Amino acid sequence: MKNREIAALFDEIADILELRGENVFRVNAYRRAAQNIEGLTRAIEDVADEDRLDELPGIGKDLAGKIAEYLESGEIDYLNDLRKETPRVLLDMLRIPGIGPKTAVRLHAELAIDSLEELKQAALDHQIQKLPKMKAKTEENILKGLEFLSRASARTPIGVALPLAQRIVGALAQLGEVDRISIAGSLRRFRETIGDIDILVTSSAPERVIRHFTHLDDAARILAEGSTKGSIVTREKIQADLRVVEEASYGSALNYFTGSKEHNIRLREIAIQEGMKLSEYGVFRAGGGARKKPRAGKKAPKEVRIAGRTEEEVYRVLGLPYIPPELREDSGEIEAALAGTLPALVELKDIRGDLHCHSNFSDGAATLKEIAASGKKKGYSYILITDHSQSLHIAGGLSPERLRKQLGEIDSINATLRGFKLLRGSEVDILPDGSLDMSEELLKRLDVVYIAIHSKFKMDRGAMTKRVVRAMENPYANVLAHPTGRLLGMRDAFDIDMQEVIRAAARTGTAIEINAHPARLDLDAAACRAAAAAGVMIGIGTDTHVLSELDYMIYGLGTARRGWLTAANILNTRTARQLVSLLQRKRRT
DNA sequence: GCCGTTTTCGGCCCGACTGTTTTCAGTCG
């Protein structure tokens, strides 16, 4: 799937055009095209094969040609020419916060700066403040920006950011002065990594709330402390912003600060079409019934706020149903909302059990009894025990004898329980040749068979895909666990053709896991959506090794929701009996 | 460069903040 590559190339073209001072709308056309391609749920190669590239939103004849050219030759001539004429340092400088195209061009042209090292030196030598409209502050900001660039670039995993944000919200919510409070930003949209934490409140005493925020135990450094906004760096080195807004604007502000930017742009366009204006302060209609933006020179009529208190209200006056935050990526949710076909996203209350849990038989910490007690306490009706199979020595993989013993123990525990049961499973290794690390005699005795890759990650794409497809063709293989093996920020996904895997899953009746561990979130949301569209069932499992990790379910759920999944798409919204019967259909055919 | 129950030409999202300037350009989200 070359969607991401092509999106990156179009973004690069946009950057270069902007540096050259081209028409901003042309620049935006490339950016929007990039965004749309990246958000596509199918491989752009497939769209090209059907000769339907120009039916994609934001893609016309010209861009369709450039995509086709890239798919054919691996290059875009136009971009090659642009690159030849554009000094590399200009693109490098754009990555520095605070430097945009205008400044980058000036620094290069007027100070002959050819690298980020030279830029740093120029700032340290105070060469920059010799230029008109640049002063000491400019140099200071450039140095800060450079430092940020070298240090940061890494976004924070949601598994770190969400507990921190919830802790801050909890502390602020206790204040008498805080009325409404919510997490906003990419965290509210459940992105797998986030840039900074955004929190929104209404309050009768904004300064006091902001002061409290900037002096929290979690605050390591104060970046700003004004009358409507406070900003800190936490001890985890994550930036957190607090904004205080008016009660009457809370909904529109929450919508605005939740984003995504692309979603917000679409909403504003709809507002304009309907003769309204949307901003973080509300939805406004021009007074006097004027339905068009006033021409330059004419005086604007008085504007009246017609919504803003709640997000629901904002969507309603725009003629849309409420769109859940996880869908707000401009990846089709606006069209679905207009057509009345938004999915009823799966919710936590729909989840009846956990499908991925390790006990102390392998590398987990808890006993089977403890797992059962925790699962029952969470209100689940089952947990699938998925300890490792024999080959995975490093994780205490179970020998056939140990597995038989475990199955016996599960049965006797179940005999003592009411309204809850442990399901007999295993996370069986997929061996390098695609066979399973367990005898048929044992596979037969399991309720649900998870299969997973834990060895030989570095196979080439073709071989890896074949390996996994062969494993899925095994009639006892029920759920493919963490299909790409990625560990966010630590290990890349292994090279595998996910489209092919999804097709094979659909064909063989094998489900695919969303591994809910926040370091994995694998499948990711986009692949999830593609899998569900192909009719593949999705199981959400926490990959629990210590009991507190059973709470990771929310991350898997967030990913599922970002992937447009409903309860019907998810295995563990079924009862244990339905689940097992559904999966074992494969054995009978 | 894209797009059209207003348009095949003339539009294309909104506001705040910053740093530099005395009215605004550039950048950001």
Side-chain angles (χ1 to χ4, degrees), chain A residues 10 13-15 17-19 21-37 53-67 76 78 93-107 128-129 131-142 144-145 148 184-186 189 194-198 200 223-224 226-229 231 239 241 243 245 249 252-253 255-284 291-293 295-296 300 303 308 314 318 328 330 334:
Chain A
F10 280 1
I13 292 176
D15 282 342
L17 292 178
E18 209 170 9
L19 286 164
E22 293 268 350
N23 180 320
V24 290
F25 299 111
R26 198 166 158 237
V27 172
N28 267 335
Y30 277 100
R31 292 216 193 281
R32 178 166 286 193
Q35 173 69 29
N36 285 334
I37 292 167
L53 285 173
D54 60 1
E55 290 176 29
L56 297 174
I59 310 287
K61 206 175 156 202
D62 184 278
L63 293 189
K66 290 192 169 76
I67 295 168
I76 299 176
Y78 178 60
M93 282 197 278
L94 286 184
R95 290 163 45 223
I96 302 171
I99 294 192
K102 298 285 193 292
T103 314
V105 168
R106 280 194 63 199
L107 290 169
I128 292 171
Q129 57 179 288
L131 301 177
K133 293 199 170 187
M134 304 222 187
K135 286 248 152 66
K137 194 79 185 177
T138 318
E139 287 176 343
E140 210 178 288
N141 285 341
I142 287 174
K144 269 192 203 160
F148 177 85
S186 54
R189 305 201 311 278
I194 61 117
D196 55 17
I197 293 172
D198 291 300
L200 201 66
L223 296 177
S227 60
T228 63
K229 178 183 166 176
S231 191
Q239 184 173 334
D241 296 338
R243 288 182 179 78
V245 301
S249 301
S252 46
N255 182 250
Y256 176 82
F257 287 112
T258 296
S260 67
K261 189 180 174 210
E262 290 72 23
H263 176 84
N264 291 351
I265 288 174
R266 293 293 307 276
L267 291 186
R268 280 184 220 125
E269 286 171 354
I270 290 174
I272 290 170
Q273 281 166 23
E274 303 294 322
M276 297 180 270
K277 186 186 76 175
L278 170 65
S279 75
E280 63 257 52
Y281 297 106
V283 185
F284 300 87
R291 292 189 63 99
K292 255 198 122 171
K293 211 158 97 176
R295 295 266 168 200
E303 289 172 334
V314 169
L318 295 178
R328 299 181 195 168
D330 189 22
I334 303 273

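Computed from a prediction, not measured in an experiment: that's the story for all the values here. A, B, ... follow the sequence lines: proteins, then strands. Residue 1 opens every chain.
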>> Determine whether A:Thr103 and A:Met93 satisfy the following criterion, side-chain contact (heavy atoms from CB on, under 4.5 Å), listing intermediate values before the conclusion.
In response: CA-CA 9 Å; A:Thr103 314; A:Met93 282 197 278; over 6 Å; no
>> Let's go through A:Asn141 and A:Ile99 carefully: what are the C-alpha distance in whole Å and the side-chain angles of both, what is the deciding distance for side-chain contact (heavy atoms from CB on, under 4.5 Å) to 0.1 Å, and is it a yes or a no?
In response: CA-CA 9 Å; A:Asn141 285 341; A:Ile99 294 192; over 6 Å; no
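Atom-to-atom, NZ of A:Lys61 to C1' of B:dT8 comes out at 14 Å; the value is rounded to the nearest Å. Atom pair A:Arg95:CZ and B:dT27:P shows a separation of 17 Å (rounding to whole Å applied). Rounded to an integer number of Å, the gap from A:Asp241 CG to B:dC17 P is 12 Å. Between A:Arg243 atom CZ and B:dC28 atom P the separation is 15 Å, expressed in whole Å. For the pair A:Glu274 CD and B:dT6 C1', the interatomic distance rounds to 13 Å; values are reported in whole Å. For A:Asn255 and B:dG15, the CG to C1' distance is 15 Å, given to the nearest whole Å. Across the protein-nucleic acid pair, A:Gln35 atom CD and B:dG29 atom C1' stand 14 Å apart, rounded to whole Å. Between A:Ile59 atom CD1 and B:dG1 atom C1' there is a gap of 10 Å when expressed in whole angstrom units.
Base-pair partner of B:dC9: B:dG4 (Watson-Crick or G-U wobble, both distances under 3.5 Å).
Where A:Pro57 and A:Glu269 meet DNA chain B, the nucleotide closest to each residue was compared, and A:Pro57 sits on the side nearer the 5' end. A residue-by-residue look at A:Leu94 and A:Ser279 shows that A:Ser279 has its nearest nucleotide of DNA chain B further toward the 5' end.
A salt bridge between A:Lys61 and A:Asp54 is absent, with no side-chain N of the basic residue lying under 4.0 Å from a carboxylate O of the acidic one.
Comparing the same atom, C1', in B:dT8 and in B:dC14 gives a spacing of 28 Å after rounding to whole Å. Comparing the C1' positions of B:dC17 and B:dG10 gives an interatomic distance of 32 Å, to the nearest angstrom. Comparing B:dG15 with B:dC9, their C1' atoms sit 29 Å apart, to the nearest whole Å. A distance of about 25 Å separates the P atoms of B:dA16 and B:dG11, rounded to the whole Å. The same atom, P, is picked in B:dT20 and in B:dC28; the two are 15 Å apart, to the nearest Å. Of the C1' atoms belonging to B:dT18 and B:dT23, the separation is 15 Å, rounded to the nearest Å. Annotation: B:dT27 and B:dT21 have their P atoms spaced 15 Å apart (nearest Å).
Annotation for A:Asn264 and A:Tyr256: closest pair ND2-O, 3.0 Å, computed over non-hydrogen atoms. Closest non-hydrogen pair, A:Phe257 versus A:Leu200, comes out as CD1-CD1, 3.8 Å. In terms of heavy-atom proximity, A:Leu53 sits nearest to A:Ala64 at CD1-O, 3.6 Å. When every heavy atom of A:Ser252 is checked against every heavy atom of A:Gly282, the shortest pair comes out as OG-N, 3.1 Å.
Within the nucleic acid shown, A:Ile265 comes within 4.0 Å of at least one base atom, counting heavy atoms only. Base engagement by A:Tyr256 is indicated by at least one non-hydrogen atom pair under 4.0 Å involving a base atom. Contacts of A:Leu267 with the nucleic acid, taken as non-hydrogen atoms under 4.0 Å apart, are absent. When heavy atoms are screened at a 4.0 angstrom cut-off, A:Leu17 is found touching no nucleic acid atom at all. Residue-level contact check: A:Asn23 touches the bases, meaning some heavy atom is under 4.0 Å from a base atom.
Here A:Lys261 does not reach the OP1 or OP2 of B:dC14: none of its side-chain N or O atoms lies under 4.0 Å away. Neither OP1 nor OP2 of B:dC2 sits under 4.0 Å from any side-chain N or O of A:Asn28.
Looking at A:Tyr281, its side chain has no donor and acceptor atom pair within 3.5 Å of the base of B:dG15.
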Provide a list of protein-nucleic acid N or O atom pairs under 3.5 angstrom, restricted to nucleotides 21-25 of chain B.
| from | atom 1 | to | atom 2 | distance (Å) |
| --- | --- | --- | --- | --- |
| B:dT21 | OP2 | A:Lys135 | NZ | 2.9 |

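Nearest to the side chain of A:Thr138, among B:dC14, B:dT20, B:dC28, sits B:dT20. In the set B:dG26, B:dC2, B:dT20, the nucleotide with an atom closest to the side chain of A:Lys137 is B:dT20.
Side-chain N or O atoms of A:Asn36 include one that pairs as donor or acceptor with a backbone N or O of A:Pro57 at under 3.5 Å.
Once rounded to the nearest 0.5 Å, the distance linking CZ of A:Arg243 with OG of A:Ser249 reads 14.0 Å.
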